[in-house]
Amino acid sequence: MWPMKTALLDILTQTLTGLYRSGVFSTDLLAKGITPQLTHTRDKQFGDLTCNIALLCAKLLQQNPREIAERIVEALPPLPMVKKIEIAGPGFINFYMRDDLSTQIIGQILSQGGEYGKSSYGSLERVHIEYVSANPTGPLHVGHGRGAAYGATLANILKASGFSVHSEYYVNDAGRQMDILAASVWCRYNEYCGESFPFPDNAYQGDYVKDIAKALFAKTGSHFQRKTEDIMAALSSVDKTNKDTYIDALIAYLKTTLGDEHYRELHQTGLNTLQNDIKDDLAQFGVTFDKWFSERSLADEGKIEKSLQDLQKTGYTYEQAGALWFKSTAFGDDKDRVLIRDNGQPTYFASDVAYQLDKYQRGFTKLINVFGADHHGYVPRLRAFLTALGKDTDGSFFAPLVQFAILWRGDEKVSMSTRSGEYVTLRELRNEVGNDATRFFYVMRKHEQHMDFDLTLAKSESNDNPVYYIQYAHARICSVKHQLAEKGLHHNVENGLAHVNLLSLQNEKDLMDSLGRFPELIILGAKNFETHGIPHYLRELASLFHTYYNSQQFLVDETTLRDARLCLVNAIQVVLQNGLSLLGVSAPDSM
RNA sequence: GCGCCCGUAGCUCAGUUGGAUAGAGUGUUGGCCUCCGAAGCCAAAGGUCAGAGGUUCGAAUCCUCUCGGGCGCACCA
């Protein structure tokens with residue numbers, strides 16, 4: 001159906017131009033930005049495809065919409081794919097497509113197989129997609145999981161739509177949070193050595209910190225140990241009621257007492273352990289990246305300095321109180337932002353400026369930054385500097401926000417706090433619910449929609465999860481094929497394809513219609529950066545199949561009808577597989 | 001206080017970018033296995049699209065306000 005639809009749309013567009021040139025229409029609609037649109041009808045009494053262009057331009061042309069529709073229909077060239085055209089209601093133009101058109105889709109799907117659904121819509125445009133990018137200061141939690149599932153699925157959708165996609169995880173391996181992690185590891189390590197120095201409130205509380213400390217001790221012995229009284233003495237002048245200054249003082253003390261080399265080793269141990277853990281976790285979740293991009297490498301390679309120079313050339317920077325500021329308010333941000341702190345250290349924002357510019361310099365023409373919704377306040381300042389540097393003038397920068405998955409344990413909301421270490425990890429969720437259900441569940445909701453994730457329901461009644469419904473349809477198809485072989489029968493595909501016209505039941509027509517919509521569904525997802533259309537579509541397709549299965553026997557005695565039905569069933573299987581594959585969900589033969 | 005996201009069936013969510021009678025799942029009620037897998041199918045019931053204005057041929061969708069929920073507002077990342 002899809003190639004026909006675009007072809008018909010082209011013809012409609014040409015017809016409108018023709019009507020303007022020949023003076024029938026007083027206005028060039030296309031020049032006014034009014035373009036025809038073809039949509040699938042919800043009700044078959046209105047045909048297969050419908051166009052509302054006459055209604056849209058009625059005011060502009062100062063004509064009755066039905067009259068306009070008539071002019072358009074009269075001007076259309078002969079359309080071999082169309083059975084009937086009707087003008088209905090206030091002025092809709094309804095197209096009834098030829099019946100054999102929809103049956104052709106079966107042959108197309110069977111010949112394309114795993115390629116069916118893919119298109120060249122993206123024209124191999126180079127897209128950079130960054131997602132997850134969680135700080136390596138602890139294991140991924142269920143909030144990160146949603147971003148991971150969304151980003152990976154979106155990347156798949158973009159690839160299938162003909163974009164050249166490069167995916168990246170930005171590793172925040174520099175900055176204060178990593179120092180706090182290092183300090184946290186060291187405190188646990190020192191405890192392990194037998195010291196009784198109190199663990200700071202705002203250090204990372206999770207048990208994984210203890211594991212890292214233990215491993216560090218096993219590897220290095222008590223080399224990093226410091227006596228409690230020595231630490232107390234060193235920190236005696238620090239205000240212990242202010243958590244932030246206290247932990248910063250502790251970090252400064254560690255850097256001094258351990259020396260550069262050993263501090264780096266401590267720092268690196270925490271980083272490596274957690275990053276590997278995250279990498280492993282995501283790989284098991286079916287989420288992999290083309291590149292893990294190190295924040296620290298930007299500073300090491302002088303890219304921060306370079307991009308700040310570029311930014312300074314724009315004139316939108318200034319110095320105040322010893323710090324370098326970016327005048328982001330000139331571009332709609334709430335307040336100006338610090339680039340270089342008064343202590344000479346670049347901020348996270350400065351790194352990100354360099355990172356985003358680096359993406360452009362690597363030749364990407366479309367940048368997608370998947371953010372957690374709690375970072376939405378960060379987007380205006382990113383847009384601000386891109387605007388200042390003349391990037392994103394063509395709307396090449398996107399920042400889809402993924403809302404939180406709010407966890408519920410029965411009626412109780414699960415509180416999430418990274419610092420306190422009280423949160424459900426992605427790994428726990430995967431182990432209890434399963435990868436398939438987890439991935440499916442995450443992307444079946446619109447990414448900007450808040451999502452309720454009821455753990456007790458997901459765990460105790462996982463059979464109710466819609467992913468099983470779809471997988472069951474696939475397993476049933478496999479089972480039918482198994483039965484076919486057991487009965488000693490053979491599926492003659494050629495014969496079936498030659499007689500797809502036998503598939504004339506309403507249910508069969510609905511199925512073919514649905515199969516034909518798959519490619520444009522993927523493009524729609526790529527256009528809007530939306531993943532939830534695929535799960536909804538697959539559920540609907542599975543539902544149509546289950547209805548079909550219950551109402552008709554596939555393995556009938558009439559060879560030709562059987563061959564034709566099995567062709568349809570095979571086509572359904574292909575689309576189920578292709579669709580599930582986009583979601584990173586398996587299509588099991590049996591369950 | 002300011003900004004962003006959201007409010008659709010008892011619950012969880014779709015709604016083809018402003019179109020024709022607002023749809024699914026789940027839950028409730030009642031049916032369907034001598035038959036390719038009952039993790040399935042069929043049917044019934046369930047709505048002032050949070051509320052009030054406005055824009056127009058036409059609004060769940062767009063603009064304003066009100067109410068309610070979530071999240072942000074660092075020289076943290």
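Side chains included, hydrogens not; waters and symmetry mates left out as well; all remaining heavy atoms used. Naming: A, B, ... by sequence-line order, numbering from 1 per chain. Owing to the predicted nature of the structure, the values given are computational and were not obtained by experimental measurement.
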**Q** Looking only at atom C1', what distance separates B:U8 and B:A50, rounded to whole Å?
**A** 10 Å

**Q** Can you say whether the rings of A:Tyr549 and A:Phe545 are parallel (under 30°), tilted (30 to 60°) or perpendicular (over 60°)?
**A** tilted

**Q** Let me see the working for A:Glu530 and A:Tyr150 under side chain to side chain donor-acceptor pair (under 3.5 Å), right down to the final yes or no.
**A** CA-CA 9 Å; A:Glu530 284 175 350; A:Tyr150 169 75; over 6 Å; no

**Q** I'd like to know if A:Arg517 and A:Glu540 make a salt bridge, using a cut-off of under 4.0 Å between side-chain N and carboxylate O.
**A** yes

**Q** Go through the side-chain N and O atoms of A:Tyr378 and A:Asp352 and say whether any donor and acceptor fall under 3.5 Å apart.
**A** yes

**Q** Among all residues two or more places apart in sequence or in another chain, which pass the salt bridge (charged side-chain N to carboxylate O under 4.0 Å, His left out) test with A:Lys84?
**A** A:Glu86

**Q** Pairing donors with acceptors under 3.5 angstrom, does anything connect the side chains of A:Gln506 and A:Lys44?
**A** no

**Q** May I ask you to verify whether the side chain of A:His376 and the base of B:C71 hold a donor-acceptor pair under 3.5 Å?
**A** yes

**Q** Using a heavy-atom cut-off of 4.0 Å across all strands, would you classify A:Asn172 as base, sugar-phosphate, or nothing?
**A** sugar-phosphate

**Q** Under a 3.5 Å cut-off on both pairing distances, which runs of 3 or more consecutive Watson-Crick or G-U pairs involve RNA chain B?
**A** B:1-5 with B:69-73, B:10-13 with B:23-26, B:28-32 with B:40-44, B:50-54 with B:62-66

**Q** Would you say B:G37 has OP1 or OP2 under 4.0 Å from some side-chain N or O of A:Ser479?
**A** yes

**Q** Using a heavy-atom cut-off of 4.0 Å across all strands, would you classify A:Gln45 as base, sugar-phosphate, or nothing?
**A** base

**Q** Mind checking A:Thr41 for me? I need base, sugar-phosphate or nothing, with any heavy atom below 4.0 Å counting as a touch.
**A** nothing

**Q** Each nucleotide N or O in nucleotides 42-47 of chain B that has a protein N or O under 3.5 Å away: list the pair and distance.
**A**
unit_1, atom_1, unit_2, atom_2, d
B:C42, OP1, A:Thr547, OG1, 3.1

**Q** In whole angstrom, give me the gap between the P atoms of B:G1 and B:C67.
**A** 10 Å

**Q** What does A:Glu486 touch in the nucleic acid at a heavy-atom separation under 4.0 angstrom: a base, only the sugar-phosphate, or nothing?
**A** nothing

**Q** Are OP1 or OP2 of B:C13 and a side-chain N or O of A:Gln449 less than 4.0 angstrom apart?
**A** no

**Q** Which class fits the ring pair A:Phe326 and A:Phe385: parallel under 30°, tilted 30 to 60°, perpendicular over 60°?
**A** perpendicular

**Q** Distance check: side-chain N/O of A:Arg476 vs OP1/OP2 of B:A38, anything under 4.0 Å?
**A** yes

**Q** Just jot down the salt bridge (charged side-chain N to carboxylate O under 4.0 Å, His left out) partners of A:Arg381, sequence neighbours excluded, or say none.
**A** none

**Q** Determine the contact category for A:Arg381: base if any of its heavy atoms lies under 4.0 Å from a base atom, sugar-phosphate if only primed atoms, P, OP1 or OP2 are that close, otherwise nothing.
**A** base

**Q** Base, sugar-phosphate, or nothing for A:Lys446, non-hydrogen atoms under 4.0 angstrom?
**A** sugar-phosphate

**Q** What are the atom names and distances for every N/O pair under 3.5 Å that joins the protein to nucleotides 9-12 of chain B?
**A**
unit_1, atom_1, unit_2, atom_2, d
B:U12, O2', A:Arg445, NH1, 2.9
B:U12, O2', A:Arg445, NH2, 3.1

**Q** Applying a 4.0 Å non-hydrogen cut-off, can you work out what A:Ala321 is touching in the nucleic acid: base, sugar-phosphate, or nothing?
**A** base

**Q** It should be established whether A:Arg42 places a side-chain nitrogen or oxygen under 4.0 Å from OP1 or OP2 of nucleotide B:A20.
**A** yes

**Q** Looking at B:C35, I'd like to know if its phosphate oxygens (OP1 or OP2) sit under 4.0 Å from a side-chain N or O belonging to A:Tyr549.
**A** no

**Q** Name the nucleic acid region contacted by A:Lys481, choosing base, sugar-phosphate or nothing; use a 4.0 angstrom heavy-atom cut-off, strictly under.
**A** nothing

**Q** Output a table of nitrogen or oxygen pairs between the protein and nucleotides 60-64 of chain B separated by less than 3.5 Å.
**A**
none

